[in-house]
Number of protein chains: 2
Amino acid sequence: MFHINEFKKLSGVSVRTLRYYDKIGLLKPVSKTEGGHRVYSNTELKKLQQIQFLKTIGFTLNEILTMLESEEWDWSNSLLKQLTYVAGEKDRLSKIESSVRELINGIAIEGEEFRIKKIMDLYNRDSKEIIHFNLNELDIKNTEVLEKLPNMASSDPDSLEWIALVGQLKKYMHLGYSHSRIQNIIERMDVKKGEDFKDEDAFLDKLWDIRMSAEESKNYSLYPIDQDVLTFMEEAYLYYLDHQS
Amino acid sequence: MFHINEFKKLSGVSVRTLRYYDKIGLLKPVSKTEGGHRVYSNTELKKLQQIQFLKTIGFTLNEILTMLESEEWDWSNSLLKQLTYVAGEKDRLSKIESSVRELINGIAIEGEEFRIKKIMDLYNRDSKEIIHFNLNELDIKNTEVLEKLPNMASSDPDSLEWIALVGQLKKYMHLGYSHSRIQNIIERMDVKKGEDFKDEDAFLDKLWDIRMSAEESKNYSLYPIDQDVLTFMEEAYLYYLDHQS
DNA sequence: TATAAAAGATGACGTAAGGTCACTTTCAAC
DNA sequence: GTTGAAAGTGACCTTACGTCATCTTTTATA
């Protein structure tokens, strides 16, 4: 049993935060003294560490609250959502990073005059690729795509394998679409497509369809796939069809 | 000259935001009508676009305010700072992404309940860094297994596929080891084993070894594989070897 | 046991960047 | 001049706490 300052030292979380978590019902002390001082135990310490972890991967306190409250929480689903979010943010930051690098280089080379003009140029480009893209994504995510891909957030191993396959494709892209490793991946995708999923709503069919129409991929919000990966996939697939035994 | 609603349509920025920018002195309208309605011009449109750009690369409105106010601003310096910040954030998100992936993988293989709290418990306040689940942080006592599986906690797509394959095996176990679906999975495992990894330390070889000695798998604690899955895998593999071609 | 000091509790206000009412005033068309 | 649309202002709300200010409880010492 610890009082609040000991608990703070054990957990590394500020007293204010502990009181706040108590207030919002996220982490209540195991009991209180007669005078109203909070008393914590090891149980609360563990729970607090879980909270800290979920916070670092980007969940809000409210989300964490409902997660830890409900006994039957769909962890896979929310973790996949979170993965989507995190991967998307990472992607966004990558683009920003290159913009800023470009700007710095431009200023270094061309000097002061470069400033306004180039900022504008960069902004216009970014506004098309980043901002506008995000707005569309948000709008569409809630309506069409979710209906189109009902099972896409499942923790089904098949879905996971699909994710793995796309990941491999990306990893080995530099080998070129005719490379045997790439062709093996494509073959597995093709086999898997025909073999594992015969129902219409299946994850793979939907994603396969999306591959066909590159435009749609922009709205594909569960697992962001870069445009170049999709293009590459298309090329590799065509090559695969041509050279099939 | 535009009134506020036209300006909103031109810029894509909400009316509330425009009024807010006016209030904090970031973007004032060129003039006001006698009745107090805001009037904007093309100059403000350009400035607003600059603001939007600076916002997307992560500057606060306050920073932008001082930037645009002072005539001689050290752009290189602040952009470099921003680059550092953005790159750092990207790095942070990368680590989070791997953590989440690993968590998902663990759940995919093992099922929801058991693993998640245990993994989350790994979060230590001591490590100010985001946890990167490498094996050292895990509570593993058998060091032999540790040495055998150097890369198994990585989010390498190859690892992901392996994980997915084991997951599928578990999922379709009930079909029996001679079922075509199972045999397909086994075949992919076998092909993958020989094909993708030729170096000794590779993930798959090591795990394949572990399949051989079922006892060791008990110490295999990052992605523990159930005993029955291992046994089943062995049976299916023997069947596969017998009936090959 | 009395008392002082330390520790804890509670409440209020502030943060960034606006969103969302509610209510009032001005503009533009007829 | 009337009227409906558009614009104005002000207040409260959001996250996850930090930072006082004031009051009460606990604890250590005389």
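Note on naming: letters A, B, ... go to the chains in the order of the sequence lines (proteins, then strands), and numbering restarts at 1 for each one. Every value quoted in this text rests on a predicted model; they were computed, and no experiment measured them.
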Whether A/T33 contacts D/dT25 is assessed here as follows: a side-chain N or O lying under 4.0 Å from the phosphate OP1 or OP2. Is that the case? no
Check the distance between D/dA6's P and B/F7's CZ and give it to me in whole angstrom. 19 Å
Distance, rounded to the nearest Å, where A/L54 contributes CG and D/dT15 contributes P: 18 Å
Take atom CG of B/L61 and atom C1' of C/dT15, then tell me their distance rounded to the nearest Å. 13 Å
For DNA chain C, whose closest nucleotide is more 5', that of B/H3 or that of B/F59? B/F59
Charged N to carboxylate O under 4.0 angstrom, A/R92 versus A/E89? yes
Record whether the side chain of B/R19 comes under 3.5 Å of the base of D/dT9 through a donor-acceptor pair of N or O atoms. no
When all nucleic acid strands are considered with a 4.0 Å heavy-atom cut-off, which category describes A/K23: base, sugar-phosphate, or nothing? nothing
So, do A/K32 and A/V39 sit near enough that their side-chain heavy atoms are less than 4.5 Å apart? no
Identify which one of A/K8, A/H3, A/K9 satisfies the side chain to side chain contact (heavy atoms under 4.5 Å, CB included) criterion when paired with A/E6. A/H3
Counting only side-chain nitrogens and oxygens, does B/K55 get under 4.0 Å of the OP1 or OP2 atom of C/dG18? yes
Tell me if the NZ atom of A/K28 is crowded by more than 12 foreign heavy atoms within 6.0 Å. yes
Counting just side-chain N and O atoms, does B/Y21 come under 4.0 Å of either OP1 or OP2 of C/dG18? yes
What is the distance, to the nearest angstrom, from the NZ atom on B/K32 to the C1' atom on C/dT26? 13 Å
Rounded to whole angstrom units, what separation is found between the OH atom of A/Y40 and the C1' atom of C/dG8? 11 Å
Has B/E97 got a side-chain atom pairing as donor or acceptor with A/L83's backbone, closer than 3.5 angstrom? no
For B/T17 and C/dG19, is the shortest distance between a side-chain N/O and OP1 or OP2 below 4.0 Å? yes
Whole angstrom is fine here: how far is it from CG in A/L65 over to P in D/dC17? 14 Å
Would you say a side-chain N or O of A/R38 is under 4.0 Å from OP1 or OP2 of C/dT10? yes
What is the distance, rounded to the nearest whole Å, between atom CG of B/L18 and atom P of C/dG18? 10 Å
side-chain N/O B/S14 vs C/dG18 OP1/OP2, d < 4.0 Å: no
Judged by each residue's nearest nucleotide on DNA chain D, which is more toward the 5′ side, B/I4 or B/R16? B/I4
Can you measure A/D22 atom CG to C/dG11 atom P for me and round it to whole angstrom units? 12 Å
